[in-house]
Amino acid sequence: MRILISGATCVLPQGPARVDVLIEKGKILGIDPPRGVQVDETIHAEDLFLLPGVVDAHVHFRDPGLTHKEDLRTATRACAKGGVTSFLEMPNTKPLTITCERLHEKLALASEKSLVNYGFYLGATIGNLEELKSAQRTPGIKIFIGSSTGDLLVDDQQLLERIFAETTLPICAHCEDETTVRANTERLGGGSSYEDHSQIRDEAAAVVATKRAIDLALRHRHRFHVLHVSTAAETELFRDHQGLITAEVCPHHLFFNVDDYERLGSLVQMNPSIKTAADNEGLWRALKAGRIQMIATDHAPHTVEEKQQPYPKSPSGLPAVENSLALMLDCVNAGICSLESVVHWMCDAPARVWDMVGKGRIAEGYDADLVLVDLGKKQTVRNQTQVTKCGWSPWDGVSLQGWPVRTLVKGHTVFLNGQFDETVRGSEIEFDHALGGYWRI
Ligand code: DOR
Ligand code: ZN
């Protein structure tokens with residue numbers, strides 16, 4: 001089956017160009033092929049932009065064990081709608097992904113259910129160093145340095161030293177300092193309003209833990225990725241990355257701040273917490289300056305009923321995979337950033353950070369994971385039309401210009417103008433850690 005995508009403006013590694021793209025056997029066979037090339041299907045895409053599919057390297061899809069919130073089918077429908085063709089999922093499912101056996105079970109489950117391509121991190125615990133050392137078929141090791149949802153807290157310095165010294169996979173961490181969070185919790189009597197969340201998980205908690213993690217990575221010369229940076233102060237720590245350190249920012253930390261609690265309450269309660277308007281600005285600045293390399297959503301759905309509980313019972317987390325690309329395309333339309341930057345932050349950079357083979361670019365030999373976007377399309381995010389199982393979005397009521405209209409996974413159209421082809425299945429993402437990560441080129 002040969003497919004030609006014709007007439008679109010393609011965002012190529014060297015920049016946007018009006019060229020046709022030829023697909024065969026799930027891969028990109030040619031860019032700008034000769035006229036009259038024989039094909040089985042032509043996708044006419046005049047007036048649309050063709051981007052590499054979004055690679056969301058930080059999501060929580062709740063399958064197995066927490067499937068009342070989300071499951072691999074609903075989550076990956078949301079991915080397809082949002083232009084996300086590959087995801088990397090975190091280990092805080094039930095059971096936790098903390099052994100190779102569990103990892104392989106999750107890969108098998110995804111092969112049955114996932115409409116897009118998939119990979120799974122292995123979680124560090126206080127007792128699984130041997131598993132972390134021998135694991136394969138994974139992007140890397142996830143450590144919660146500081147507690148969050150789930151039981152994966154690793155806070156013991158000696159153990160952290162051993163994980164950085166004795167393992168070889170890249171490491172990423174959730175950085176919020178447990179001691180600081182505990183002291184703040186006590187000072188605020190546990191907290192009683194959603195706003196208190198940002199005082200309990202404050203700037204100091206984030207900065208202390210991120211510093212501690214970077215120190216470990218540099219001393220052990222171990223590749224390290226800082227998950228969901230939430231403060232401007234942390235971005236100052238990334239100036240001297242020494243070819244080892246990368247960082248990500250999430251849409252909620254770019255777009256929301258403490259002023260939004262009044263309107264949105266627990267819907268914007270996240271770990272790390274949302275911070276100030278000055279932090280929004282600082283995060284944007286760092287992203288544009290390349291001190292933060294990539295965007296990931298931290299898609300973390302909870303039901304409305306769970307979220308409506310009073311603080312601190314309300315769980316942290318919000319869904320985002322189906323709107324993340326549109327949020328950024330809206331910024332392109334508003335003149336805040338370029339389309340090329342969005343493609344770098346959401347497609348190429350995450351694929352490079354995590355050593356994915358054949359992902360993140362429109363180039364010959366790469367996988368035909370692609371998204372056609374209509375930069376002129378205006379649509380309002382509505383809770384009622386969300387396909388995530390939790391059925392709500394913190395962006396409910398927000399009008400955005402620039403939306404995915406067609407998503408292809410390895411050459412198969414999985415989403416087209418609001419309709420899904422649920423027979424499409426993604427495949428396991430291949431990681432080649434010898435590639436050397438983001439700073440390799
Ligand atoms: O807000 C969050 N929710 N932060 C995390 O680190 C975990 C996530 C979840 O799984 O709900
Ligand atoms: Zn997360």
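In listed order, ligands and their atoms are each counted from 1.
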Starting from the Zn ion (ligand 2), look over the N/O/S atoms of Asp298 and name the nearest one.
OD1

Proximity of Arg62 to ligand 1 by residue part, where a heavy atom lies under 4.0 Å:
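For Arg62, the contact with ligand 1 is made by the side chain alone.
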
Which bit of Leu318 gets closer than 4.0 Å to ligand 1, counting heavy atoms only: side chain, backbone, both or neither?
neither

Side chain to side chain, Leu122 and Lys142, heavy atoms closer than 4.5 Å:
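Leu122 does not reach Lys142 side chain to side chain.
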
Without hydrogens or angle criteria, can the side chains of Ser341 and Lys288 be said to hold a donor-acceptor pair below 3.5 Å?
no

Are Glu70 and His299 close enough that a side-chain donor and a side-chain acceptor fall under 3.5 Å?
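On atom types as modelled, these side chains qualify, holding a pair under 3.5 Å.
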
Any N, O or S atom of His60 closer than 2.8 Å to the Zn ion (ligand 2)
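So His60 counts as coordinating the Zn ion (ligand 2), yes.
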
Is it true that some N/O/S atom of His58, main chain or side chain, lies under 2.8 Å from the Zn ion (ligand 2)?
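So His58 does bind the Zn ion (ligand 2) by this criterion.
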
For the 3.5 Å polar cut-off, considering only N or O atoms, please tell me whether Gln269 and ligand 1 meet it.
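No; every N/O pair is 3.5 Å or more apart.
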
Nitrogen or oxygen of His228 less than 3.5 angstrom from that of ligand 1
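N/O-N/O distance under 3.5 Å: no.
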
Output the distance between atom SG (Cys347) and atom NZ (Lys359), rounded to the nearest 0.5 Å.
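Here the rounded value is 12.0 Å.
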
If you count the atoms of ligand 1 from 1 in the order shown, which ones are under 4.0 Å from a heavy atom of [X]?
| X | value |
| --- | --- |
| Met270 | 1 (O) |
| His302 | 11 (O) |
| Asn92 | 9 (C), 10 (O) |
| Ala300 | 3 (N), 8 (C), 9 (C), 11 (O) |
| Phe144 | 6 (O) |
| Gly317 | 1 (O), 3 (N) |

Which one of Trp354, Phe61, Phe87 satisfies the ring-ring contact (aromatic ring centres under 6.0 Å, His included) criterion with Tyr121?
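That would be Trp354; it is the only one of Trp354, Phe61, Phe87 passing the ring-ring contact (aromatic ring centres under 6.0 Å, His included) with Tyr121.
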
Specify whether His241 and Trp439 have parallel, tilted or perpendicular ring planes, treating 30° as the upper limit for parallel and 60° as the lower limit for perpendicular.
parallel

Face-on cation placement of Arg291 at Phe238 ring, 6.0 Å and 45° thresholds
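Because its charged atom misses either the 6.0 Å distance or the 45° angle limit, Arg291 does not stack over Phe238.
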
State if His252 counts as touching ligand 1 under the rule of any non-hydrogen atom under 4.0 Å.
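For ligand 1, residue contact (heavy atoms, under 4.0 Å) with His252 is absent.
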
Is the distance between the ring centroids of Tyr194 and Tyr261 under 6.0 Å?
no

Output yes when Arg182 and Glu178 qualify as a salt bridge under the 4.0 Å nitrogen-oxygen rule, no when they do not.
yes

